[in-house]
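Here is the structure we will look at, set down as structure tokens.
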Amino acid sequence: MSDKEEYKDFLIKENLSRIKNKIIVLSCKGGVGKSTIATNISYGFAIKGFKTAIFDIDMHGPSIPKMIGNECVNLEEKNEDGRSKPYKVLENLYALSMGFFLKNTDDPLIWRGPIKVGLLKKFFSDIYWPELDLLVIDSPPGTGDEIISLFNIIGNIDGAIIVSTPQDISMIDVSKSVKFCKMFNIKILGIIENMSYFECPNCKNRIKVFDGNASEKLKELYGLEILGELPLDPDISKCSDIGRPYIYDFGKKEGGIIFSNIVNKLIEKIYI
């Protein structure tokens, strides 16, 4: 190993030593709302006083820049040694995403495994990470290069949150995520079922938009806790589109209360 590589490994270890807890949001299925959930629980941790960062490792479809309301970030804040710091969203919340480094937000990233691995290492060596209580990792769908490489780089993950939807077909994908976590000895903190139901604005009845009861079946099959069942609420997607935290702007709505309860459960699981 060259002196340069040894120095980079030193910087990675130094950065990781400043991060107390690392949790990852997973699903083998795309389009289930991982980024929305990762963003809102990150805001939730920050609102409750925890110094938090959200790290978007979805290199081909980074969503976090839009969801935090800034797609044109320049990492101008520097450490004493000249390394950039993650983008400061709030006093207690930071963010880092591949999306910050794209010239145009709609440019495709056509990279293969080795380049992506190299970039992940750079995110932990060339970026100066501050002292953090929690690092929330928003992952791409599946169990590919980014996730495996991340595990190899940072070592221990303190817990995984698996995102599901009600359809029975999602059981196949979630089961893959569960088995993947077991292969890497990662504790599963629980399942969040997204788009679980729609609440009629007039009669307030809950309407099951999607057939199936995947989360309950997964709970029975693997003994996993359902952390929360989020509604299909148009305000959630609106907040994502305008870069506002739903958990804050709509904290008194049913979905906002559910998000807050999920955050409380996660804090208990992580800090007990």
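Index from 1, following the sequence.
Two residues are said to be in side-chain contact when any heavy atoms from C-beta on lie closer than 4.5 Å; I162 and I192 fail this criterion. Side-chain contact between M67 and S35 is present, with at least one heavy-atom pair separated by less than 4.5 Å. Contact annotation: the side chain of I258 approaches that of P231 to within less than 4.5 Å [non-hydrogen atoms, C-beta and beyond]. Y197 has its side chain out of reach of L232: every pair of non-hydrogen atoms, C-beta onward, lies at least 4.5 Å apart. Between I147 and L26 there is a side-chain heavy-atom pair separated by less than 4.5 Å. Taking 4.5 Å as the limit, some side-chain heavy atom of F45 sits within range of a side-chain heavy atom of L266. Between F124 and W129, some side-chain heavy-atom pair lies under the 4.5 Å cut-off. Two residues are said to be in side-chain contact when any heavy atoms from C-beta on lie closer than 4.5 Å; L90 and Y43 meet this criterion.
Between the side chain of D56 and the main chain of S63, a donor-acceptor pair closer than 3.5 Å is present. Within the 3.5 Å criterion, the main-chain N or O of C200 finds no donor-acceptor partner in the side chain of N205. A donor-acceptor pair is defined here as one N or O able to donate and one able to accept, closer than 3.5 Å; such a pair exists between the side chain of D133 and the backbone of K51. No donor-acceptor pair under 3.5 Å is formed between the side chain of S27 and the backbone N or O of S164. Using a distance-only test at 3.5 Å, with no hydrogens or angles considered, a donor-acceptor pair links the side chain of N92 to the main chain of G49. Between the S170 side chain and the T165 main chain, a donor and an acceptor come within less than 3.5 Å of each other. Checking side-chain atoms of D158 against main-chain N and O of I23 turns up no donor-acceptor pair under 3.5 Å. At least one donor-acceptor pair under 3.5 Å links the side chain of S237 to the backbone N or O of P234.
The neighbour count for K8 NZ, taken as heavy atoms of other residues, nucleotides or ligands under 6.0 Å away, is above 12. K13 NZ: 12 or fewer foreign heavy atoms inside a 6.0 Å radius. Heavy atoms from other residues, nucleotides or ligands lying under 6.0 Å from NZ of K22 number more than 12. For K253, the NZ atom sits in a packed shell: over 12 heavy atoms of surrounding residues, nucleotides or ligands are nearer than 6.0 Å.
Two rings, from F55 and F123, have their centers less than 6.0 Å apart. In this structure, F198 has its ring center at least 6.0 angstrom away from the ring center of F210.
Atom NZ of residue K238 and atom CG of residue D241 lie 10.0 Å apart, to the nearest 0.5 angstrom. Rounding to the nearest 0.5 Å gives a distance of 7.5 Å between CG of N15 and OH of Y128. Distance check: D138 CG to I24 CD1 gives 9.0 Å after rounding to the nearest 0.5 Å. Annotation: the span from S260 atom OG to K265 atom NZ amounts to 11.5 Å, rounded to 0.5 Å. Remark: I57 CD1 to S139 OG distance equals 5.5 Å, nearest 0.5 Å. Within the model, atoms CG of D235 and CZ of R244 stand 13.0 Å from one another, a figure rounded to the nearest 0.5 Å.
Smallest separation of non-hydrogen atoms from I247 and G44: CD1-CA, 3.7 Å. In terms of heavy-atom proximity, K252 sits nearest to I257 at O-CD1, 3.6 Å. The shortest heavy-atom contact between I153 and L120 is CD1-CB, 3.6 Å. In terms of heavy-atom proximity, S97 sits nearest to P62 at OG-CB, 3.5 Å. Nearest heavy-atom pair, A38 versus V136, reported as atom, atom and distance to 0.1 Å: O-CG1, 4.0 Å. When all heavy atoms are compared, the tightest approach of I157 to I154 is CD1-CD1, 3.3 Å.
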For side chain to side chain contact (heavy atoms under 4.5 Å, CB included), just list the numbers for D233 and Y246, CA-CA rounded to whole Å, side-chain angles, deciding distance to a tenth of an Å, and then say yes or no. CA-CA 10 Å; D233 183 349; Y246 173 85; 2.7 Å; yes
Begin with the C-alpha distance, continue with both residues' side-chain angles, and end with the deciding distance and a verdict on side chain to side chain contact (heavy atoms under 4.5 Å, CB included) for I64 and D58. CA-CA 9 Å; I64 297 305; D58 189 345; over 6 Å; no
In sequence, state the C-alpha distance, the side-chain angles, and the governing distance for E254 and R206, and then conclude on side chain to side chain contact (heavy atoms under 4.5 Å, CB included). CA-CA 12 Å; E254 184 171 9; R206 288 187 176 188; 2.4 Å; yes
Does I12 form a side chain to side chain contact (heavy atoms under 4.5 Å, CB included) with F10? I'd like the steps, not just the answer. CA-CA 5 Å; I12 291 170; F10 166 76; over 6 Å; no
Worked check of ring pair (Phe, Tyr, Trp, His ring centres under 6.0 Å) between F180 and F151: CA-CA 12 Å; F180 180 76; F151 290 172; 5.7 Å; yes
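In this structure, K48 fails the cation-pi test against F50, since its NZ or CZ atom is not both closer than 6.0 Å to the six-membered ring centre and inside 45 degrees of the ring normal.
Note on I127 and Y7: separate hydrophobic clusters, where clusters join Ile, Leu, Val, Met, Phe, Trp and Tyr whose side-chain heavy atoms are under 4.5 Å apart, directly or indirectly. Criterion: ILVMFWY side-chain heavy atoms under 4.5 Å apart, direct or through other members. Under it, I137 and I270 are part of a common hydrophobic cluster. Cluster membership for I41 and I226, using ILVMFWY side-chain heavy atoms within less than 4.5 angstrom, is not shared. Grouping the Ile, Leu, Val, Met, Phe, Trp and Tyr side chains by contacts below 4.5 angstrom, directly or via other members, places L93 apart from I242.
In this structure, a donor-acceptor pair under 3.5 Å is absent between the side chains of E14 and S17. Under the 3.5 Å distance criterion, with hydrogens and angles disregarded, a donor-acceptor pair is assigned to the side chains of Y222 and S175. Looking at N40 and Y248, their side chains never bring a donor and an acceptor atom within 3.5 Å of each other.
Using a 4.0 Å cut-off between charged nitrogen and carboxylate oxygen, E131 and K20 do not count as a salt-bridge pair.
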